[in-house]
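Take a look at the structure set out below.
This chain uses plain numbering: 1 for the first residue, then up along the sequence.
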Amino acid sequence: MQLGRVIDADGHILEPPNLWKENLEAKFKDRALGIARDSEGWESLLVDGRISSVIRGLGVASAFGKPGEIAFSKEFSYMDGPRGAYDPEARVKVLDEDGIDAAVLYPTLGLVWEGEVKDPELAMAYCRVYNDWIADFCRHSPNRLYGVAHISLMDVDAAIVEVKRIAKLGLKSVMLTPFPANGKAYGDMYYDPVWAVAQDLGIPVGLHVIARPDFHGSQWYDHPTFHGSPFYFLSVTLGFDIQASFVSMFEGGTLERFPRLKLLVLEVGAGWVPHFIERMDSKWKHSGFMTACKRPPSEYFRRQVWIGADVDESMIAPACTRWGSDKFFWSTDFPHFDGFPGALKTLRQNIVELPPPDQQNILGDNATRAYSL
């Protein structure tokens, strides 16, 4: 491990629009992911042969630093975003300009499609194409760009095969939808074979926010470009699925059975953590006997969980003071429209009260340890 660096622990790329059309195995060619205009001219994701119901207007994926009025429009398109989002050489230049030593890279279209695919075989085929591509993308600069695999858990046996394969590709983690695609909570022992392999290989598992149809509260709003209110979704709902799956991995005993499994919680901020862990501990005292959680949840948290903070939140330092500066890292969310231009400057301002060693933990050393960089 190389400590002392500044690392964006949750950056993103833009998958090429024709990636799946060109690389998906033959039997799924007519069901490839892609980008198409709908009947009203909105750029939308094409999933399993149909227009996605989630987002109309994919400029939100690439409008880094742009006003929301531009991002949520027909005029700004997916590929209008910064070149560093889809070209590895340009991405390294972005890192240099921003004073960042390395970035861990998550998907973009991969944050949308999984909620709309019900065929486990097709889902894993989509994942394989992406995982091959991101591994190749990062080979351009292997000490600056670190790829994260996308894994579907609808078919556990297939997921195990893919986790083993992506480890050989050199990918550093796996991203999971926080809303279990097969309706089983992540604390269910159904997933244990996957956790066992990830633990043995030292591959962290990351719960990352996704956009999916019928998210909680979507039925309350009617919005022309987003299935539900974008403000409501970004402010509230993004955290619901993650927090529910997070609790399930305690309640169901996942972290008890797999003490070396690394769990990463991404893109929902740090400020909720002190309250949430304390509440879990409090309720465990009364009802923990009915769970597979054999010790206070805070013990598992300290042992094997890392949290991705938003650089503009004021609660990073207090959260670190309460639960340890070794538990939190940060991200730019580049190139998404709700990302953080000038992220590093903002982060430094919000952690200035912490001692220098704690600041360095957040700036890069925690990501180094979590991802084994």
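- You'll find the ring centres of Phe246 and Trp272 inside the 6.0 Å limit.
- Applying the salt bridge (charged side-chain N to carboxylate O under 4.0 Å, His left out) test to every pair with at least one member in residues 198-208, sequence neighbours left out, gives these pairs: Asp200-Arg260.
- Taking the side chain to side chain contact (heavy atoms under 4.5 Å, CB included) definition, one finds that Phe28 meets it with Leu24, Glu25, Arg31, Glu121, Leu122, Ala125, sequence neighbours left out.
- Closest heavy-atom contact between Leu261 and Ala198: CD1-CB, 3.9 Å.
- Using a 4.0 Å cut-off between a side-chain N of Lys or Arg and a carboxylate O of Asp or Glu, Arg295 and Glu256 qualify as a salt bridge.
- Between the OH atom in Tyr86 and the OH atom in Tyr78 there is a gap of 10.5 Å [rounded to 0.5 Å].
- The hydrophobic cluster containing Leu46 also includes Ile51, under a criterion of side-chain heavy atoms closer than 4.5 Å among ILVMFWY residues, counted directly or through chains of members.
- Under the rule for a side chain to side chain contact (heavy atoms under 4.5 Å, CB included), the partners of Ser62 that lie at least two apart in sequence or sit in another chain are Leu14, Phe76.
- Looking at Trp323, its side chain never comes within 3.5 Å of a backbone N or O of Arg302 through a donor-acceptor pair.
- Here the closest heavy-atom approach between residue Met124 and residue Ser152 is recorded as CE-O, 3.1 Å.
- For the side chain to side chain donor-acceptor pair (under 3.5 Å) test, residues two or more places apart in sequence or in another chain that qualify with Glu40 are Arg56.
- Across all non-hydrogen atoms, the minimal contact from Val305 to Leu255 is CG2-CD1, 4.3 Å.
- Its side chain outside the 4.5 Å cluster rule for every partner, Leu3 clusters with none of the Ile, Leu, Val, Met, Phe, Trp and Tyr residues.
- Under the side chain to side chain contact (heavy atoms under 4.5 Å, CB included) criterion, Cys138 pairs with Leu105, Ile134, Leu145, sequence neighbours left out.
- Under the salt bridge (charged side-chain N to carboxylate O under 4.0 Å, His left out) criterion, Arg165 pairs with Asp132, Glu162, sequence neighbours left out.
- Pairs engaging residues 139-161 under the salt bridge (charged side-chain N to carboxylate O under 4.0 Å, His left out) rule: Asp96-Arg144, Asp136-Arg139 [sequence neighbours left out].
- Taken to the nearest 0.5 Å, the OG1 atom of Thr291 stands 14.5 Å off from the NZ atom of Lys283.
- Glu313 meets the salt bridge (charged side-chain N to carboxylate O under 4.0 Å, His left out) test with no other residue; sequence neighbours excluded.
- Under the side chain to side chain contact (heavy atoms under 4.5 Å, CB included) criterion, Asn23 pairs with Leu19, Val129, not counting sequence neighbours.
- Here CZ of Phe179 is found 9.5 Å from OH of Tyr186. Values are rounded to the nearest 0.5 Å.
- Between Val47 and Val117 the shortest heavy-atom distance is CG1-CG2, 3.6 Å.
- Both tests pass for Lys184 against the ring of Tyr190: distance under 6.0 Å to the centre and angle within 45° of the axis.
- Here the CD1 atom belonging to Ile100 is positioned 10.5 Å from the CD1 atom belonging to Ile7, to the nearest 0.5 angstrom.
- Annotation: side chain to side chain donor-acceptor pair (under 3.5 Å) contacts involving residues 346-364, sequence neighbours excluded, comprise Ser325-Asp358, Ser325-Asn361, Gln360-Asp365, Asn361-Arg369.
- Nearest heavy-atom pair across Asn131 and Ala149 is OD1-CA, 3.3 Å.
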